[in-house]
Structure formats: structure tokens, C-alpha cells
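Input: a single structure, listed below in C-alpha cells.
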Amino acid sequence: MFRNLDKSQSFPEMEERILNLWEKDQSFRKSVTARPADKGFVFNDGPPFATGLPHYGHLLAGTIKDIVPRYWTMKGFRVERRFGWDCHGLPIENLIQDKLGLHTVRDINEYGVGKFNEACRAGVLTYTREWRKTVSRMGRWVDFDNEYKTMDLSFMESVWWVFQQCFDKGLIYQGYRIQPYSPALATSLSNFEVNQGYKDRQDPSVTLTFPLEPVASHAVAPGAATGTKTSPAVDGGAATQGSGPSTAGSQHSAETHGSGSATHSGSSADGDELLMVWTTTPWTLPGNMAIALHPDLDYVLIRHDGKKYWIAEARRAAYFKDGEFELIDTKKGKDLAGRRYKPLFQYMPYMTDKQYTILMADFVSADDGAGAVHIAPSFGEEDFQLGQKEGLGLFDPLDAEGKFTHLVPEWQGVGAKDADKGILHHLKAQGRVFKHETFVHSYPHCWRTDVPLLYRAQKNWFLNLEKEITNKPDDGSAPQTKTLKQWMIDCNQQINWVPDHIKGGRFGKWLEGARDWNLSRNRFWGTCIPVWIADDGDMLCVGGVAELEALSGKRVDDLHKHIVDELVIKTHDKKTFAADGKEYRRTPEVLDCWFESGSMPYAQPHYPFENKEWFTNNFPADFIAEGLDQTRGWFYTLTVLGAALFQKPAFKNVIVNGIILAEDGQKMSKRLRNYPDPNELINRTSADAIRLFMIDSAAVKAEELKFSETGVKNITRAVLLPLWNSLSLFVTYANADAGKGQLTWRPGDAVQSKNELDRWILSDLQGLLRKVETEMDAYRLYNVVPAVVEFIDDLTNWYIRRSRRRFWKSEDDQDKNFAYATLYQVLVDFSKVLAPFLPFLAEELYQILVREFFARESFAREPGASGFAGSPIGQVDVPVSVHDERKHVSVHLCDFPTFDPKAFDAELNAKMARVREAVNLGRSLRSLHNIKNRQPLREMVVVVRSQAQKSEMESMEDLLREELNVKAVKVSLDESSLVTYKGKANFKSLGARLGKAMKAVAEKVGRLSHEDIKSLLAGQTLQLEEGVLTAEDVLVVRDVRQGLVVEASPNLTVALDTSIDHALRLEMLARETVSKIQNLRKDGGLEVSDQVEVRVKTVSPAFREAVETHISYISAEVLASSLDFSDAISEDESNSLDVGGEIAVFSVAKKV
RNA sequence: AGGUCUGUAGCUCAGUUGGUUAGAGCAUCGCUCUGAUAAGGCGGGGGUCGGCAGUUCAAGUCUGCCCAGGCCUACCA
């Protein structure tokens, strides 16, 4: 006996039950430990932030992260899955800041870093319970009990080790980078924060003029003109290299103001040339150090209003109308290189000969402005790069709050942006402003305080991607030396990306353009940069707790900032062991928390402090799955550190999922409420359906998915319900037949059916299996659902449809045994195939068909219990604890079925496909000619294309007769009487051969006669001017001959004889009668096996004759013990039948 | 602004090394079947394959430019 299915049960309820079962049985743990420890499949889970609730994006990624490990578990691998939590970083710091009312970095420092950090620690896991609930409810098996957290001591210790590895390889350095800086918060911001604050603002748009020094003096004796300044330049340059602009500034403030008119003395004929320069940030002008031109752009010197201006030729028209100027000279940018100009201000120390000269830069364009760029290396990315290249040094006259310092006395104490006006006013007075406008552009603002950001050079810790690394191949091959970046690019080539285009596209391009990674953040709650620095600049990098304890002499059980900042390392002379007085203090920054995420493969197993051997065998990971937004995030940081430490990729396979949008195509938004709450939807529809819906979409190949509830419902209808109905049919009949006890088949018996239909569905299942294996091995999840849907269609709409009578009223017990054995086998195997995708429904199938059944069997074998055959119909209540030890407790502990070539029969599949095509053509014919299926027809003709197909089709004659309700099937090879042939050129075969003659031949082929094509089909050839035609070169088009009921496809031609005589009409009425009585049985709530007494009232002679003629057929079909005519039947809408005006009224009563 | 992905039926998407009647599912309309009933089947309508140019005997498919949308990146002065 199988458990009788509860018709009113919902899928979500079933899922809840399965969750309890898994919990009770410890199925997840068993599924892991049942597989050998030395056959691991490593899955790494990217840790989410628990500062918010899980949304559909997480559910999608979570589903992928569940399906793939479940699949490989069933393939025999041990797949450990530990959940992880990302604990550090700005999201939690911001939350806590809001909670505590701390607005700025200064506020936090005053509040106390220790208290602040402890508040972060206490608040970071707020939503973990909700996460666990939702993730589990979706059916995801992941270990929450052994979760890892990035704030764990062991995790942070491994991160230190990773940092130390990089440090020891010389990859870590300190340097400047231009960063967005919030003057209000006195801190630099991350890109993420910057992107939140873009908005339009008005800024000045100013064109300035810079007088050039005479070319002669410069060209003849460049040293002479500037000779007096050579020595301070060297000093200044050296100073700025190491310790920044402020010290340099204070040393030179007085003596360097002289460049103006004094050096401009030799005002020659050319001395009045003015270079036009455009800027939108006047506040950066006190930091101007040079002007950049593009070497290959043309610049023109023109005279206007008595003055001479240099401007990019392409920009000239934007400033000077035709006819209002006189062209004096044209030069390439490179011909102006090195010329000196008169600076606007004299605040800056003199640091290098290149200061206040024209430099060459490729980034200069003539798209707008004047084709000349003002360079302030402290205040712009490109300015900084150029400054580095040319050795300009830095000059940043702003304090921590973005206000000018004493270095710029006129505006001392004024905020940078606020100084724009004053600076412009000053320059106008000096006659240096050619044009002053205002324009609106998108500019980033501080997302917390709304003030415009400044871009300025900040000192940071970097990972050097250009540093060379030599690997240590473990396969004995020769070591190779490449830059870290090149290693990253090479490692990427070894990764299997799904979809493939990410490898060379988005990710590959990003790698090629990658720049040194800024690792430091001036924040509080994170893993600290483990570098201690002495007053003389000497650095110690600490790589673990034991090391820190040894160096500091203190016990350490937490590595957070407020703890380790207190630890001062005092060193000793290596010879005398006397304290040498050097004190090392930790550099204040914490690490970018992406560094922690990228360290996850090492930090989760606490490598190398623990699990050393395991790690050696299990790196890189086999599989990860994350969203497209991780290209610059986790995918990148994993790759950088994998390449830096081991010159290997950190993962072998990755599935990249796309963004989930709301049904309306908009982003999902809590405010707009344009999507259903995930938990509510799961409880309304089912996790299985949601899983399958998400997997059956482009979202598993990095494209976006419009989440639609209709889509989820469609999955329920296309997959869950048909499967459930199939199970229901099987259980219903198996239980009914079990009560009768005449069948020899028992669940678990091998299928030995000779029935072609049985062999076909088993073969078809093998085809599915092979497809699923192929796609899963390639991580193409999106190809699985279509194959599953197709199989379900084969199963329900052909196998079960065709087999229904075999279960229902087969007189052949042997064939019935075959049918049960086959359907049982198919359902059990199918449940295993579906298990990774539909973990709940697959489990329910398995529990009902296998585990519960065998539990009852063994229960029934106990004294006093009855066996399978003798059990009463109905559910036998067996405690779950009683089960057959030979059977796995869960489908997820089973092995994934392996493809069996012996059971796969491609020819049989093709044959069945042809028969189904014949049936479809026949159905189509009936439909087109308005002939109901219940009307039997005399004959159908099937024309096939080969002798082999003829005998094949003949062997399926019974099936065709039954399916199409025809009395006889004639299979033929000659269709001449049914269709006429026309030809169409086969471009594929002819095109390559004929080339340009193609068009002419195509036309000739179109004009070929019926006979021409017939002879081609018979194997002859046709001679044309352009060449010889064979059957292959012509696609045959079949035109149905007038007046015939014929349908043709390339493979088959089907004709129906539609003449209906009296006998056929009676048969039709008999079938209508059966159908009507069956419906009345159903409406009357009768059991499938109930006997009935039927009475009929009719005045129609045709009906009377039909019932009398086919009384035994009708009685047998409807299980009627009696069938009588009677006039004493009260008629209503429901019990009367009207076929073409012939009317009958029925009464159906259960036989007592 | 740059990079990248996407654009095919009302909707969601397939579409092989270029080959001539461009497919499927859903939706819709019509017909139909059924002791699997939260169903099932058959058929109809519905397309200038985002646009323009090019290569070719032949372009949804290849190339170039443009348009639209998404994502990532980005204050080019």
C-alpha cells in the first residue's frame, strides 16, 4: 500500500512537512557525511550582510547555491556548505552611527572607538534569525550551525596572514591616490558612497589666459633662465616625495614668489602670447603646477583685439568668430612642449624645473574648453597621474576640513568651493579671465551632509599589481615570473564562467584595466592593517595572534582596532638583547572589507593555522555563485588574492546571476511595493515553484529577470501539477489493484517489460538524464527546466495517456504488471533527477513511493500485521521511525541516476516521435474538418517515406486506431494520389556549389513538375544547364489534392476517410452515451470501482438503436450491472444529452 | 562620458558553421477530449527580427554607424 494522496493538500503545506522530516532525520548532515571525506567538492559561499532582510536576489543566488551542491552530493561528492556572515564595513558602521547619533569621524572618536566597535559587534547580526528561516524555507541546505563570521578571531587572523604574505612579497606600499573627500565629515569616501550622492549642480566655467615666456630664451638656454632656482627645486622635490606638501610648503613659502614679471623680463616680440585654458574648479588654481596639451592636436596662434592667443584649432570657433581674428601660426601640441608660462599665484614652493611649463598628455581632448588643461596634481586623477609621470610633486593647501590654510593667506579659513568666487574676482582684477560662464553638471555630493565632494590626494596603503611574482608549480614544471596583474589575467583564463562572455567581457576587461588596489580605509569596525611603524619609518608586519603576542608581550584575544591600537611593540637589539628604544605603533587604518571577502577561502578554514592539509588538496574551490555586481567585488578580490598568494584562480566554476527586477520592469522597491513579500509568496505558491521559475530564466546567465507571479504559477501548472497528478494516478490504481491481490509486481522489482511504450518511456528518461548531466556538468542550469518540461509532457501526454487503460481495465495481468513496474521505476528515477531542483516535491515522491512503502512492508512483516497484498485500502499509519534500513531516509541521499546506454534506444525514440506526428496530423485533420473525436471513421492512410518506416508504422497500428478512433489504418509508400509535388531549392546544399548561379537554379527548381520530383525521389538525377540535381538538392513541398482530407509534413502524409455511414453514427452515439454516464458517475461522487445501475429515456430511434447495439460495450465501460430503458426519469439540464437533435436522458445510481 | 549586456509575436524567451515558410511557452479567440480534474489536446489570429548602411548568390545570424534599455565604471580640465 502507498499513502493515499490528500487531494486538498497544498504544496506549501507539503513543503513544511518535508522540512520537519529533514529536521527529524538530520537529512542534510547525513547527505554530507555519507560521502567520502577524501572526495570533496568545494563550494564557497559569499557572505551576505545581515543588516537587512533577504530579498529575491538572495533567493536566486541561494537557489543556485543549493542546486549545484545537491547535484554534486548525489554524484558522490562530499560538499560541505558553511553559511557566512559579512560583519565589517560601512553598512553596519552607518547603522550604528545613526543609532548613536554620531555624524562624523570626530564624533566617533569623541564617543570612543572601543564603545563604537562594541556597538557594531552587538548589532551586526540582528537579522540572522530571519535569514535562517527564509533561506531554510526555500529548501536550501546550508550549515548555519558552523557558520563563519568575518569578525571571528580565527577569520581575522587568517586575513592578517594573507596580508603578511602580500607584504613579504613586496606587494604592499604606501602612496598617494586621488580620492573623493567629504570636507564635512573630514574623511574620504568609498565609491559606493559617492555613487549615492550624484546630483546636478551649478559650477563656474572659466577660460583663463596664461602669458607664455619668450620662446627664444627658453630654447637657447633653458638652464640660464631658471638657473637661480635649480637648487631649491631639488630640495623641494625630494621633500615632497616622502612627506607630503605641507612641510614642503612651509620651507619655501618666501623665496619662491618671484617667478612673475622678473623672469618675464625679456619680453620679446613673442612675449605677449597667451595660452587659453578652461576650468570648472577655480579653487584648484592655487595648486596649478603645469598646463597639459595633447601632443598631436593642432594649436593655432591668432591675433584678436591686439592680443595673441594660443588655442586648440578645433576649439577656436567656440571663442572667436570667423573674420574677427588673424591667424599667425599653427603648431602641434608637441611643438609647444616645455614652454614656460607665468603662473597665476605665487603660493607654491618651487620644486622642479617642469613647474609652470607646458606638458604633453594624451587625455587632453578638443571636445570642449580650449584644448588645454590646467594641472593641479593634488586635485584630480589625471592631474595626479601626469604629476607622477613628470615628477611634479604635490601641493595641497587645504586642511582636514577642506579649508585653505596659511599657505594661501588670501583665503585662509575659507572652504575650497566657497573660495571659487573670491578667486575668480581676484583673477579678473589681474586680467587673467577671458570668459566666465556658469554651467550645470552632475557632481557627487556627500551622501550624509550634502556638501560637494573634493577630489584630493590621500595617503593610502596599496597592493601593487605591477609587481613581479614567481610561482612554485606543484606539477614540476618550470617556475614562471609575471606581474601580479598578468597572473590575474592568466588565472581568469582557467575559470569556467557561466555565462561565458563574462570571462573575456566584463570581468576580463576589468582585469586588463585594473589598477593598484587601495586597501586602507580610515574607519573603525574592520580588520586592522597589521603594520606597526617606528618613528624612523621602519615597518613590522604581523601575521598572526601568536606573533603579535610574542612581539607585544601581551595576551591577545581580539584583533579589532580598539584592542590592537593599544599595543606598542618595543624592539630589542639583536646582539645585546637590550631594548634599542625603538617603538612601533600600528598604522591607524583598517582594511577594505573586500580584502576580507577575498581572503575567505583561507580565512574560513583558518588556514594556515589549521586545516593545512585539507586546504592544500581543496584549493581552488570548485564552485561559487554570485550576482553580476560582484565583478568588481568578490570575483575580483578572490582573483587578486588567489593570484598574489598561489598564482592560481580561487575558483574553477562560477555562475553569475543577473539582477531581479519587479514585474513592471522597475527595480524592486520597498517604497513602491511593486513586488510580493518573499515569505508570503513562498507560503502561497511553494518554494519549489519559485526555485524552478528563477532557474528557468536568463537570470542564471547574468541577464535580468522580471520577477512575475504569473511565471511562478506557470511553473506550478507546467511541472508540479502534472507530476503530482501522475503520482496520484499511480497511487490510486496501485492501491486499488493491491486490494485485489492478483498482481505479481512489487515495488523495487526490475522492469522487464516487452511493451514498446514502456521501453520508450524508459529510454526517454535516459535521454533526459543524459541531457541533465551534460548541462549540470557545464553549470548551465538554464537548460535543465526546458528538458524537464519536455519529459513531463512525454510522460503525461503520451505515456500515461496511452497507458491509462492498461491500469484501468487491462484484462492482461502480465501487461498490467509491466505498466506498474515501468511507471514506478520512472517516477522513482525522475524524483532523483528532480531532487536538486525541486527538493520538496522530489522528496515527497520518494517518501511515498520508496521510504514509506518499505517502512510499511517491514512494519507489516511484524507479528500481527498484514502484508502488502492483504492490506485494506487506505493509509496505514506507520511511525516514521520505522523504516527499511536498506532504503535511504531521503531522496537527497540517493545517487544521481547514471545514464544507461542499454536502456537508451535512439531509434525507438525516433519511431515514437513519428507515430506521435502521425497522430498530431490526424487530430489536426479532424479539427480542420470539424469531426469530433467520438465519431469513429472508417479508415486512415499513413504514407511514410521508407520501407523500414512502413513496417514500423504498421506495428503501431493499434495505437493509431485507438488514438484517432478509426476502424482501419493503411500504411503506404505511395502518396501520388493524395498530394502533388512541388520543389523548392535547398539553398544549403546548392548554394555552396553554385554561388552566383543560385538564383537562376532556385527559379528552375520552383518550376519542376510533379513527375520531375517524383523521379528525383525515386533516386534519379536531373540535368540542368548549371549542373546535376539530386534529391538532396530539392526540398519537396506537398500540395494536397483538391477535395481530399489530407495533411502532410516532410516525414509523413496522413489522409482520413470522412464518410460516415449508419453503423459509424451509432457507434458515435454509443461513445457519447459512455461519456455522459461517466460524467454522471463522477458528478455523483462514485468511486472508480463502484458498480452502477443505468436507466435511459429517449424518443430518438437512433439513440435507442445505438444503446441496444452497443449495450455490452457501454455496460463494460461504465461498470453498469444493468442498463434499461425507462420513461420514469425526471429530466434536468445535467442528465440529458443532445447529439445533433437526438436526445436522451440518463439516470445513474450506485448499485447497492 | 567609457565599458558591457540586451533589443525577435501582446508577454517571457529559443534561433546551430550565414541557407529562403523565423519557432516555443504563456496570454487571447475558436474547437475538442477526459474517471489524472488546481487538468489535458488541436487549431486560428498575431512579426518590416530596434534603425540605417555594408559584405555575400544568400543576413535574425557577419561588419560598421546610429537609437533605446539595464548594469558596471566615471567629477576628463
Side-chain angles (χ1 to χ4, degrees), chain A residues 7 10-11 178 180 191 194-195 198 201 203 205 277-281 284 291-292 363-365 367-376 380-383 441-444 452-455 499 501-502 505-507 509-510 513 628-629 631-632 658-659 661 665 667 696-698 702-706 708 710-711 713-714 716-718 720-722 724-730 732-733 786 789 796-797 800-801 804 808 920 923-928 930 932-934 984-992 994-1002 1035 1037 1075 1078-1079 1081-1082 1086-1089 1118:
Chain A
K7 293 255 160 75
S10 73
F11 287 122
I178 301 296
N191 271 328
V194 172
N195 280 330
Y198 273 89
R201 86 175 255 114
D203 271 318
S205 164
V277 176
W278 180 61
T279 183
T280 59
T281 52
T284 63
I291 292 169
F363 62 79
V364 177
S365 78
D367 295 340
D368 40 30
V373 178
H374 132 69
I375 299 296
E381 182 65 39
E382 286 169 330
D383 307 46
H441 64 155
S442 171
Y443 191 88
L453 300 182
L454 309 177
Y455 280 76
H501 62 73
I502 306 272
R506 189 175 283 226
F507 191 70
K509 292 269 162 64
W510 170 250
L628 189 59
D629 53 336
T631 312
R632 270 79 165 172
I659 310 292
L661 302 174
K667 273 191 176 175
D696 182 30
S697 76
E703 288 169 35
E704 61 199 33
L705 164 66
K706 286 182 196 134
S708 94
T710 319
K713 276 183 194 150
N714 283 340
T716 308
R717 275 216 320 231
L720 304 198
L721 285 172
W724 186 252
N725 289 337
S726 304
L727 176 73
S728 170
L729 171 128
F730 174 83
T732 305
Y733 289 121
V789 168
T796 59
N797 288 330
I800 289 183
R801 177 189 166 84
R804 208 162 38 208
W808 169 223
N920 278 341
R923 282 189 196 142
S924 174
L925 275 177
R926 275 185 175 271
S927 178
L928 283 173
N930 262 323
K932 291 175 142 192
N933 256 21
R934 290 202 198 93
K984 184 157 192 181
N986 182 351
F987 282 78
K988 201 162 187 174
S989 75
L990 288 168
L994 297 173
K996 296 202 179 197
M998 188 63 229
K999 260 183 185 156
V1001 173
L1035 302 173
V1037 178
S1075 163
Q1078 296 287 37
N1079 281 333
R1081 282 181 60 111
K1082 257 196 289 184
L1086 300 186
E1087 290 296 327
V1088 171
S1089 48
V1118 303

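A, B, ... follow the sequence lines: proteins, then strands. Residue 1 opens every chain.
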Polar atom pairs between nucleotides 7-15 of chain B and protein, under 3.5 Å, N or O only, would you list them?
{"from": "B:rU12", "atom 1": "OP1", "to": "A:Lys706", "atom 2": "NZ", "distance (Å)": "2.6"}
{"from": "B:rA14", "atom 1": "OP1", "to": "A:Lys701", "atom 2": "NZ", "distance (Å)": "3.0"}

Please state how far atom [atom1] in [X] lies from atom [atom2] in [N], giving the value in whole angstrom units.
X         : N      : atom1 : atom2 : value
A:Leu729  : B:rU34 : CG    : P     : 16 Å
A:Trp724  : B:rA39 : CH2   : P     : 16 Å
A:Glu382  : B:rG2  : CD    : P     : 14 Å
A:Arg804  : B:rG40 : CZ    : P     : 14 Å
A:Leu1035 : B:rU20 : CG    : P     : 8 Å
A:Trp278  : B:rC76 : CH2   : C1'   : 9 Å
A:Ile502  : B:rG3  : CD1   : P     : 17 Å
A:Arg801  : B:rU37 : CZ    : C1'   : 15 Å

Between [N] and [M], how many Å separate the two [atom1] atoms, rounded to a whole number?
N      : M      : atom1 : result
B:rA74 : B:rG51 : C1'   : 29 Å
B:rU4  : B:rG41 : C1'   : 45 Å
B:rG2  : B:rG44 : P     : 48 Å
B:rG60 : B:rU8  : C1'   : 7 Å
B:rU6  : B:rG50 : C1'   : 11 Å
B:rU37 : B:rG70 : P     : 47 Å
B:rG54 : B:rA59 : P     : 12 Å
B:rG40 : B:rA22 : C1'   : 29 Å

Minimum-distance pair of heavy atoms, taken over all atoms of [X] and [Y]:
X        : Y        : answer
A:Thr284 : A:Ala376 : O-CB, 3.7 Å
A:Thr281 : A:Thr279 : N-OG1, 3.1 Å
A:Arg506 : A:Thr631 : CD-OG1, 3.7 Å
A:Ala372 : A:Val364 : N-CG1, 4.5 Å
A:Trp278 : A:Ala370 : CB-N, 3.9 Å
A:Ala985 : A:Leu990 : CB-CD1, 4.0 Å

Under 4.0 Å, counting only non-hydrogen atoms across every strand here, what does [X] touch: a base, just sugar-phosphate, or nothing?
X        : answer
A:Ile375 : nothing
A:Arg717 : sugar-phosphate
A:Leu727 : nothing
A:Ser697 : nothing
A:Thr631 : nothing

From [options], nucleotide with atom closest to [X] side chain:
X         : options                : answer
A:Lys988  : B:rU32, B:rG19, B:rC71 : B:rG19
A:Met998  : B:rC5, B:rC26, B:rG19  : B:rG19
A:Asn920  : B:rC42, B:rA36, B:rG40 : B:rC42
A:Lys1082 : B:rC72, B:rU37, B:rA36 : B:rU37
A:Asn714  : B:rC26, B:rA36, B:rU32 : B:rC26
A:Tyr455  : B:rG41, B:rG19, B:rC75 : B:rC75
A:Ser1075 : B:rG41, B:rU34, B:rC76 : B:rU34

Side-chain N or O of [X] versus OP1/OP2 of [N]: is the shortest distance under 4.0 Å?
X        : N      : answer
A:Arg934 : B:rC33 : yes
A:Asn725 : B:rA39 : no
A:Ser728 : B:rU37 : yes
A:Lys509 : B:rU4  : yes

Are the side chains of [X] and [Y] in touch, meaning some heavy atoms are under 4.5 Å apart?
X        : Y        : value
A:Phe987 : A:Met998 : yes
A:Ile178 : A:Asp383 : no
A:Ile800 : A:Leu729 : yes

Considering heavy-atom distances to RNA chain B, does A:Asp629 or A:His501 have its closest nucleotide positioned more toward the 5' end?
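Result of the comparison: A:His501.
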On RNA chain B, nearest-nucleotide positions of A:Arg923 versus A:Tyr733: which is more 5'?
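The answer here is A:Tyr733.
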Verify, without hydrogens or angle tests, whether A:Ser728 (side chain) and A:Trp724 (backbone) share a donor-acceptor contact under 3.5 angstrom.
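No, the answer is negative, given that no donor and acceptor are paired below the 3.5 Å cut-off.
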Under 3.5 Å donor-acceptor pair, A:Arg506 side-chain atoms to B:rC71 base atoms:
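It does, because a donor-acceptor pair links the side chain of A:Arg506 to the base of B:rC71 below 3.5 Å.
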Quick one: the dot-bracket string of RNA chain B, using Watson-Crick and G-U wobble pairs with both distances under 3.5 Å, [ ] for crossing pairs and | for bases paired to another strand.
(((((((..((((.....[...)))).(((((.......))))).....(((((..]....))))))))))))....
From NZ (A:Lys713) to CG (A:Leu720), nearest 0.5 Å
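Spacing of NZ (A:Lys713) from CG (A:Leu720) equals 14.0 Å.
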